[in-house]
Amino acid sequence: MTKLHKMDTPVFWAEGHPGRLQRDTWKISISGLCLNPFDITWKDLLKMPVDTVNARLTSVTRWSVYGQWSGVRVSRILEMAKADKEVNFVRFWSVGQIYDTSISLEVANLDKTILAYAFDDEYLDEDYGGPVRVFCPYLWGYKSAKSIVKIELMKDYRKGYWERRGYTDHAEIEEGEIFDINSGRVRRIPGGEVKDFLDE
Ligand SMILES: Nc1nc2c(c(=O)[nH]1)N[C@H]1C(S)=C(S)[C@@H](COP(=O)(O)O)O[C@H]1N2
Ligand SMILES: [Mo]
C-alpha cells in the first residue's frame, strides 16, 4: 500500500478507473502549436533532472493532501517542444482521452507545476494517476489530470471534463473549510495555493 492509500486519500476517476497501466511502455505525446512536437517515454522522463515539490493537492470537493511530489517541471517539456509565440493554454489529456483539462501557459510555466510520477518517494500507482500525472498545487485539483497521455499546446482555451460540467475555468482555490488528510482535521484555508491554514 502506498502512502496516499494509507492516508485514505480519495481516488477520483470521473471517467472510470483505467485498470492496470504499464510504466515501461508509457508515452506522452506533445503536440499542437510548436516547432518540435515529440513523444516522451517513461524512460526519457526518468533520465531528466528530478523536480521535487513539497505542496498540496487540494480538491474543490474540500479535501487537501500534503506531501513531496516529484517528477519533471512542465516548463522543461514546453521548452523542448519550442512552443509557438501564440500559445496561451496547455491542455492535458488522461488515458482514454475522456478526461482533459487546460491551464494557462503562465501557470504551466510556474516552478511547482510538474508532471509527477512519485509521491513521498513512491511511484504513483493507477489509483493516483500513475505512471505520470499533472501536479499543480496553485489550482483546484481538477486541473491535476491523472495518467497523462497527451499534452496539447493551444492558442484558445477549451473547457475540459469538469469545466464543461460547471467548475470554473480558472480553478482558483477559494477560502473556506477543507478536510486536511494529513492531520485528519477540518481546517480553514485562505484561498490561492494552500500553504498555511487560517486557524494555525
Ligand atoms: N483522469 C482524471 N484525472 C483527474 C480526475 C479524474 O476524475 N480523472 N479528478 C481530478 C480531481 S477533481 C482531483 S481533486 C484530483 C484527485 O486526485 P486523486 O484521485 O489522485 O486523489 O485528480 C484530478 N484528476
Ligand atoms: Mo477535485
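Counting starts at 1 for both ligands and their atoms, following the listed order.
In terms of protein heavy-atom proximity, atom 7 (O) of ligand 1 is nearest to Ala14 N, 2.7 Å. Annotation: atom 19 (O) of ligand 1 to nearest protein heavy atom, Lys146 NZ, 2.5 Å.
Centroid-to-centroid, the aromatic rings of Trp162 and Tyr167 come within less than 6.0 Å.
Only the side chain of Trp63 comes within contact range of ligand 1, with a heavy atom under 4.0 Å; no backbone atom does. When non-hydrogen atoms are compared, ligand 1 lies under 4.0 Å from the side chain of Tyr99 (C-beta onward) but not from its backbone.
Within ligand 1, counting atoms from 1 as listed, the ones closer than 4.0 Å to a heavy atom of Ser59 are 14 (S). The ligand atoms of ligand 1 that sit less than 4.0 angstrom from a heavy atom of Gly141 are 10 (C), 11 (C), 13 (C), 14 (S), 15 (C), 22 (O), 23 (C). The ligand atoms of ligand 1 that sit less than 4.0 angstrom from a heavy atom of Leu57 are 17 (O). Close contacts of ligand 1 with Ser144, meaning ligand atoms under 4.0 Å from a residue heavy atom, involve 22 (O), 23 (C), 24 (N). Of all atoms in ligand 1, numbered sequentially from 1 with element shown, those under 4.0 Å from a heavy atom of Glu15 are 1 (N), 2 (C), 6 (C), 7 (O), 8 (N). Numbered from 1 in the order shown, with element, the atoms of ligand 1 that lie under 4.0 Å from a heavy atom of Val11 read 19 (O). Near Tyr142, meaning under 4.0 Å from any of its heavy atoms, are these atoms of ligand 1: 10 (C), 11 (C), 12 (S). Using a 4.0 Å cut-off to heavy atoms of Pro10, the atoms of ligand 1 that qualify are 18 (P), 19 (O), 21 (O).
Residues Arg56 and Ser64 have side chains that bring a donor and an acceptor to within less than 3.5 angstrom of each other. Glu163 and Thr168 share no donor-acceptor pair across their side chains, judged by distance under 3.5 Å alone. Side-chain contact, Asp100 with Tyr161: no donor N or O sits under 3.5 Å from an acceptor N or O. Between the side chains of Ser59 and Thr61, at least one donor-acceptor pair of N or O atoms lies under 3.5 Å.
Within a 6.0 Å radius of CD in Glu106, no more than 12 heavy atoms belonging to other residues, nucleotides or ligands are found.
Between Gly129 and ligand 1, a contact under 3.5 Å exists for no N or O pair. An N or O contact shorter than 3.5 Å links Arg133 to ligand 1 by distance.
Using modelled atom types, one side-chain atom of Asn88 and one backbone atom of Lys155 make a donor-acceptor pair closer than 3.5 Å.
Screening Tyr128, Trp69, Trp42 for a ring-ring contact (aromatic ring centres under 6.0 Å, His included) involving Tyr123 leaves a single residue, Trp42.
Salt-bridge check for Glu175 with Arg188: passed, with a basic side-chain N closer than 4.0 Å to an acidic carboxylate O. Salt bridge present: Asp51 and Arg73 bring a charged side-chain N and a carboxylate O closer than 4.0 Å.
Residue contact annotation: Val95 has no non-hydrogen atom under 4.0 Å from ligand 1.
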